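The structure appears below as structure tokens.
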2 protein chains.
Amino acid sequence: MAVIGIVEDNKKIRDLIQRYLDMQEELQCPVAVDSVEEMLDYLENHDAPDVILMDIQLPGMSGIKGIGIIKQKYPDTEIIMLTIYHDSHKIFDSLVAGASGYLLKHTSLPEIKESIQTLLNGGAPMSPQIARKVIGHFNKPNKKADEDYGLTPREQDIINGLVDGLSYKLIADRFDISIDTVRAHIRNIYKKLHVNSKAEVIAKSLRGEI
Amino acid sequence: MAVIGIVEDNKKIRDLIQRYLDMQEELQCPVAVDSVEEMLDYLENHDAPDVILMDIQLPGMSGIKGIGIIKQKYPDTEIIMLTIYHDSHKIFDSLVAGASGYLLKHTSLPEIKESIQTLLNGGAPMSPQIARKVIGHFNKPNKKADEDYGLTPREQDIINGLVDGLSYKLIADRFDISIDTVRAHIRNIYKKLHVNSKAEVIAKSLRGEI
DNA sequence: ACTGCCATCACATAACTATGTGATATTAAC
DNA sequence: GTTAATATCACATAGTTATGTGATGGCAGT
């Protein structure tokens with residue numbers, strides 16, 4: 001009899017999954033909480049579940065951070081992410097943190113059950129679409145032109161300034177140009193990257209997407 | 001109508017798969033050869049298939065080396081490995097070389113067909129057991145302990161919002177608090193992290209320093 | 001009861017960012 | 001020698017961010 005835990009802040013979804021899993025002959029789901037912190041509290045006083053289903057977007061600590069903490073204290077507990085996020089870096093971060101599977105929230109209840117069994121049998125549950133993104137990470141270092149945004153050298157300079165946390169004015173000083181020129185470059189960068197804030201440029205850059 | 005190619009040195013298996021795939025309404029398999037060299041010859045004079053099923057152990061060039069050569073000349077052709085090897089090293093090398101899927105030879109004919117369709121739909125066909133080994137590669141690098149800035153759970157939430165590229169207003173909406181509260185939290189975060197702009201917080205966070 | 005910390009909100013203002021519109025000079029490509 | 005792309009600068013303005021100052025209520029520990 002495998003013991004399952006759930007960390008999910010949407011009460012409706014949480015209850016639904018818990019009731020469904022608990023109903024299964026070969027599973028039991030004694031704990032379903034809405035934050036990593038609560039799960040850690042629970043684990044202080046109970047045996048660790050065999051498998052934990054974990055959301056990413058949670059009140060308090062994020063699910064990804066939670067993976068690391070839980071896996072460190074209870075390394076035999078396997079974690080399956082169950083989330084709406086399908087972007088590569090969240091998937092990647094989850095797996096690096098120690099998750100053993102990654103499902104999207106549209107996954108049906110029987111599929112969730114099946115995924116748990118896959119995991120208990122030594123497999124890693126994930127949809128082919130997720131698998132594709134995981135594989136993508138293997139190819140990245142090899143391919144240089146990951147996606148070519150056609151940034152000019154000057155635009156790269158400006159981006160580096162942004163990533164260093166500089167204001168327009170400081171970037172202007174660094175390259176000895178006027179602040180209006182900086183603005184002009186940044187406008188072009190935004191257009192090329194399809195974003196519209198410093199924050200997004202910095203995020204893209206630090207994720208290696210530029 | 002998707003076009004499939006096969007590189008496999010066991011004539012019996014090769015013919016079996018070719019006949020089966022060719023029989024399918026939506027597939028055709030005009031080429032099944034027993035070495036990478038022969039496949040390259042074929043490609044000189046014909047349109048590249050949409051998908052190539054590739055063995056690893058082959059006469060002449062290995063299938064893994066073949067992936068690299070074929071993907072370089074015909075980047076739109078997807079490659080699925082079909083092999084007896086299930087060791088992490090071969091799986092890893094194949095994916096790095098550019099394979100989009102990895103199947104073991106005990107895979108049934110209908111499963112092979114299904115895998116091809118998965119691939120054409122943007123997924124990556126691989127068994128859960130293979131997926132598990134792929135994930136294993138992500139876990140190896142263990143991260144160092146990060147400095148404790150004494151951030152409260154709420155402050156972490158806000159930081160996550162910033163990293164997601166949200167404006168104060170959107171962060172306020174996400175957590176259902178007022179924009180002034182968001183401002184207040186951000187002020188405290190800046191103090192704790194010794195920074196004074198969104199940009200720096202995002203950078204710190206994405207560098208794993210939080 | 002008192003203190004400290006957390007989370008919430010309000011008002012105010014200076015500084016910075018995002019965007020529109022337009023212009024000039026240089027250089028490489030056709 | 002015209003075109004296209006790059007890099008530069010200017011003015012204007014709406015919107016966002018950064019900071020200061022101050023306040024309320026909850027909760028934990030002493």
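Because the structure is predicted, anything quoted here is derived from the model rather than measured. Just so we're on the same page: letters track the sequence lines, and every chain starts at 1.
In this structure, the helix from C/dA1-D/dT30 to C/dC30-D/dG1 shows an angle of 50° between the axis at its start and the axis at its end, each fitted on 5 base pairs and rounded to 10°.
Pairs of residues two or more places apart, or lying in two chains, that qualify as side chain to side chain donor-acceptor pair (under 3.5 Å) and include a residue from residues 177-186 of chain A are A/S178-A/T181, A/D180-A/R183. Residue pairs meeting the salt bridge (Lys or Arg N to Asp or Glu O under 4.0 Å) criterion with at least one partner in residues 35-53 of chain B, sequence neighbours excluded, are B/E44-B/K73. Among residue pairs with one or both ends in residues 103-112 of chain A, those qualifying as side chain to side chain donor-acceptor pair (under 3.5 Å) are A/E8-A/K105, A/D55-A/K105, A/S108-A/E111; sequence neighbours excluded.
Residues meeting the salt bridge (charged side-chain N to carboxylate O under 4.0 Å, His left out) test with A/K191, sequence neighbours left out: none. Residues meeting the salt bridge (charged side-chain N to carboxylate O under 4.0 Å, His left out) test with A/D164, sequence neighbours left out: A/R174. Not counting sequence neighbours, B/S127 has no partner by the side chain to side chain donor-acceptor pair (under 3.5 Å) test. B/Y74 is linked by a ring-ring contact (aromatic ring centres under 6.0 Å, His included) to nothing, counting only residues two or more places apart in sequence or in another chain. By the side chain to side chain donor-acceptor pair (under 3.5 Å) test, A/S167 pairs with no residue at all, sequence neighbours left out.
Interface remark: the B/N188 side chain does not form any donor-acceptor pair with the C/dC6 base, using a distance-only criterion of under 3.5 Å.
Non-hydrogen atoms lying under 4.0 Å from DNA chain D are contributed by nothing in residues 164-174 of chain A.
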Quiz item: With the sugar-phosphate defined as primed atoms, P, OP1 and OP2, and the base as all remaining atoms, what B/S/- string results for nucleotides 21-30 of chain C, 5' to 3', for protein heavy atoms under 4.0 Å?
Solution: B---------
Enumerate all atom pairs, one protein N or O and one N or O from nucleotides 13-15 of chain D, separated by less than 3.5 Å.
none

